[in-house]
Chemist: 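Once you've had a glance at the structure underneath, I'll fire off some questions.
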Amino acid sequence: MGCINGKSLLREEDLNYIARNTAMDKDAVEKQYQNFLQKHPDGQISRKSFHSMMKECYPGTDTEKLERHIFRMYDTNKDGHIDFREFMIVLYVMSNGSPEENLKQIFRVFDINNDGSISLKELQRIVKDLFHLINEQNADEASQEVLAQSAFNEMDENHDGQVSEEEFIEACMTQKKFSTMLTLKIIDVFVSE
C-alpha cells in the first residue's frame, strides 16, 4: 500500500487479495478502504489508535493488557501497525469465517511470542489478562491458575509441553470444557456491544 501525494493507495495486488479472501467484490473493498482512510489517513492503525478503539468498545475498563494480544492477532507482518489488508482479513474471518478459520486467528492471540505454539506460561498470562479485562471479581489467582492448567492439559494432546495450532483447534472443535470456555471469552471481546 503505497502513497501518492501524501494519499495512501490500495495496490491492485492488495485489492485482489482482499476480494479473493473475503466475500466482497472489488468495489466493496475499495469503498471500505475509503472509509478506513477517513479514520486512518496514513493507511494504517497505530498502537495508539488501536488503544483508542478498544477504549471506545470497553468504556471504563482497563483494556491495555488484552489489547496487546489482540493487536498481535491483526498485525500479521509484525511491523507495529495494522494496515488495511491485515485489518480486513481478520475482520472478515472473525465475522464470516469457518470455526476453524476463527480458531486460527484466536490461536494468534494465545501465541504471545509468535513461535507457532502456546506454552503454559503464555496461557497463564492470557487467562490473567482476560480476567482483568472482564473484571471478574470472584476469579482469584488460584482459580485462574486452575483454568490455565486445565485448559493447557486438555489442549496439549501429545504432552510435549507446547500446544500446536492443530492441538488448539482440535481441543476447541471437540468442545473440551476449559479450552472452549477460554476461547469463548476471547470471542466475547469481538462481539461485545
Side-chain angles (χ1 to χ4, degrees), residues 1 3 8 10-11 14 17-18 21-22 29 32-33 35-97 99-136 144 147-148 151 155 162-165 168-169 172 179 181-193:
M1 277 166 256
C3 286
S8 185
L10 185 61
R11 295 188 325 227
D14 291 321
Y17 180 85
I18 294 165
N21 288 283
T22 68
V29 173
Q32 286 296 324
Y33 185 59
N35 291 340
F36 184 85
L37 282 179
Q38 284 178 352
K39 292 180 179 132
H40 312 284
D42 64 349
Q44 49 190 3
I45 302 171
S46 66
R47 286 187 185 275
K48 188 176 177 182
S49 286
F50 191 74
H51 175 71
S52 298
M53 288 166 58
M54 289 290 287
K55 280 284 184 213
E56 280 178 36
C57 291
Y58 298 98
T61 308
D62 182 5
T63 61
E64 217 162 303
K65 292 181 179 193
L66 194 64
E67 183 182 300
R68 288 192 308 262
H69 304 306
I70 294 171
F71 186 89
R72 194 177 54 255
M73 181 176 82
Y74 280 93
D75 185 20
T76 54
N77 67 1
K78 303 173 188 91
D79 68 354
H81 293 88
I82 301 167
D83 64 33
F84 180 69
R85 177 176 168 161
E86 291 169 321
F87 181 73
M88 287 302 293
I89 295 300
V90 172
L91 197 63
Y92 178 78
V93 165
M94 293 309 290
S95 58
N96 300 314
E100 289 88 352
E101 289 170 323
N102 287 323
L103 290 169
K104 281 182 181 185
Q105 292 299 330
I106 293 168
F107 178 83
R108 294 172 48 79
V109 172
F110 287 93
D111 183 15
I112 294 172
N113 65 4
N114 294 310
D115 68 352
S117 64
I118 304 167
S119 68
L120 177 59
K121 191 172 184 166
E122 287 172 315
L123 200 56
Q124 289 166 331
R125 183 161 161 203
I126 292 291
V127 168
K128 183 178 179 211
D129 292 349
L130 194 52
F131 276 81
H132 183 74
L133 174 76
I134 60 176
N135 211 0
E136 191 72 47
Q144 289 178 30
L147 175 58
M155 292 179 198
Q162 299 287 316
V163 176
S164 68
E165 184 180 71
F168 176 79
I169 292 170
C172 295
S179 307
M181 187 187 315
L182 264 183
T183 304
L184 289 174
K185 289 210 180 289
I186 293 286
I187 289 170
D188 284 347
V189 172
F190 289 96
V191 295
S192 73
E193 316 295 288

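As a basis for the values below, the full set of heavy atoms in this structure was taken, side chains included, without hydrogen atoms, waters or symmetry mates.
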Chemist: For a quick test of reading the model, state the closest non-hydrogen atom pair linking Phe50 to Glu67 and the distance between them.
Modeler: CE2-O, 3.6 Å
Chemist: According to side-chain hydrogen bond (donor to acceptor under 3.5 Å, both in side chains), who are the partners of His69, at least two apart in sequence or on a separate chain?
Modeler: Arg72, Asp129
Chemist: Enter the distance from Phe71:CZ to Met53:CE here, rounded to the nearest 0.5 Å.
Modeler: 10.0 Å
Chemist: Mind checking whether Met54 and Ile70 have side chains closer than 4.5 Å, heavy atoms only?
Modeler: yes
Chemist: Between Gln162 and Ser117, which heavy-atom pair has the shortest distance, and what is it?
Modeler: OE1-OG, 2.6 Å
Chemist: For a 4.5 angstrom cut-off between non-hydrogen side-chain atoms, does Val163 reach Phe110?
Modeler: no
Chemist: Do the rings of Phe36 and Tyr33 sit parallel, tilted or perpendicular, given the 30° and 60° boundaries?
Modeler: parallel
Chemist: How close do Thr183 and Cys172 get, heavy atom to heavy atom, and via which atoms?
Modeler: OG1-SG, 3.1 Å
Chemist: For Ser49 and Ile45, indicate whether the former's side chain and the latter's backbone hold a donor-acceptor pair under 3.5 Å.
Modeler: no
Chemist: Report the C-alpha distance between Phe168 and Leu103 in whole Å, list the side-chain angles of each, state the deciding distance to 0.1 Å, and finish with yes or no for side chain to side chain contact (heavy atoms under 4.5 Å, CB included).
Modeler: CA-CA 8 Å; Phe168 176 79; Leu103 290 169; 4.1 Å; yes
Chemist: For the residue pair Phe84 and Gln32, establish whether any side-chain heavy-atom pair is separated by less than 4.5 Å.
Modeler: yes
Chemist: Atom OG in Ser46, atom NE2 in His51: separation rounded to 0.5 Å?
Modeler: 11.0 Å
Chemist: So do Val29 and Met88 actually touch side chain to side chain, heavy atoms under 4.5 Å?
Modeler: no
Chemist: Does a sphere of radius 6.0 Å around NZ in Lys39 hold more than 12 heavy atoms from other residues, nucleotides or ligands, not counting ones at 6.0 Å or beyond?
Modeler: no
Chemist: Just how far is it from atom CG of Asp111 to atom CD1 of Ile106, taken to the nearest 0.5 Å?
Modeler: 14.0 Å
Chemist: Are Leu123 and Leu182 close enough that some pair of their side-chain heavy atoms sits under 4.5 Å apart?
Modeler: yes
Chemist: To the nearest 0.5 Å, what is the distance between CD1 (Ile169) and CE (Met155)?
Modeler: 11.0 Å
Chemist: Arg108 and Met73: which non-hydrogen atoms are nearest, and at how many Å?
Modeler: NE-O, 3.1 Å
Chemist: Using a 3.5 Å distance criterion without hydrogens, assess whether the side chain of Asp75 forms a donor-acceptor pair with backbone atoms of Gly80.
Modeler: yes
Chemist: Quick check for you: to the nearest 0.5 Å, what is the distance between Met181 atom CE and Leu147 atom CG?
Modeler: 5.5 Å
Chemist: So, does Glu86 use its side chain to make a donor-acceptor pair with the main chain of Thr76 at under 3.5 Å?
Modeler: yes
Chemist: State, to 0.1 Å, how close Asp14 and Arg85 come at their nearest heavy-atom pair, and which atoms those are.
Modeler: OD1-NH1, 2.7 Å
Chemist: Gln38: which residues meet the side-chain contact (heavy atoms from CB on, under 4.5 Å) condition with it, sequence neighbours left out?
Modeler: Asn35
Chemist: Hey, is the main chain of Val90 close enough, under 3.5 Å, to the side chain of Gln105 for a donor-acceptor pair?
Modeler: no
Chemist: Locate the shortest heavy-atom distance separating Ser179 from Ala151; write the atom from each residue and the value.
Modeler: OG-O, 3.8 Å
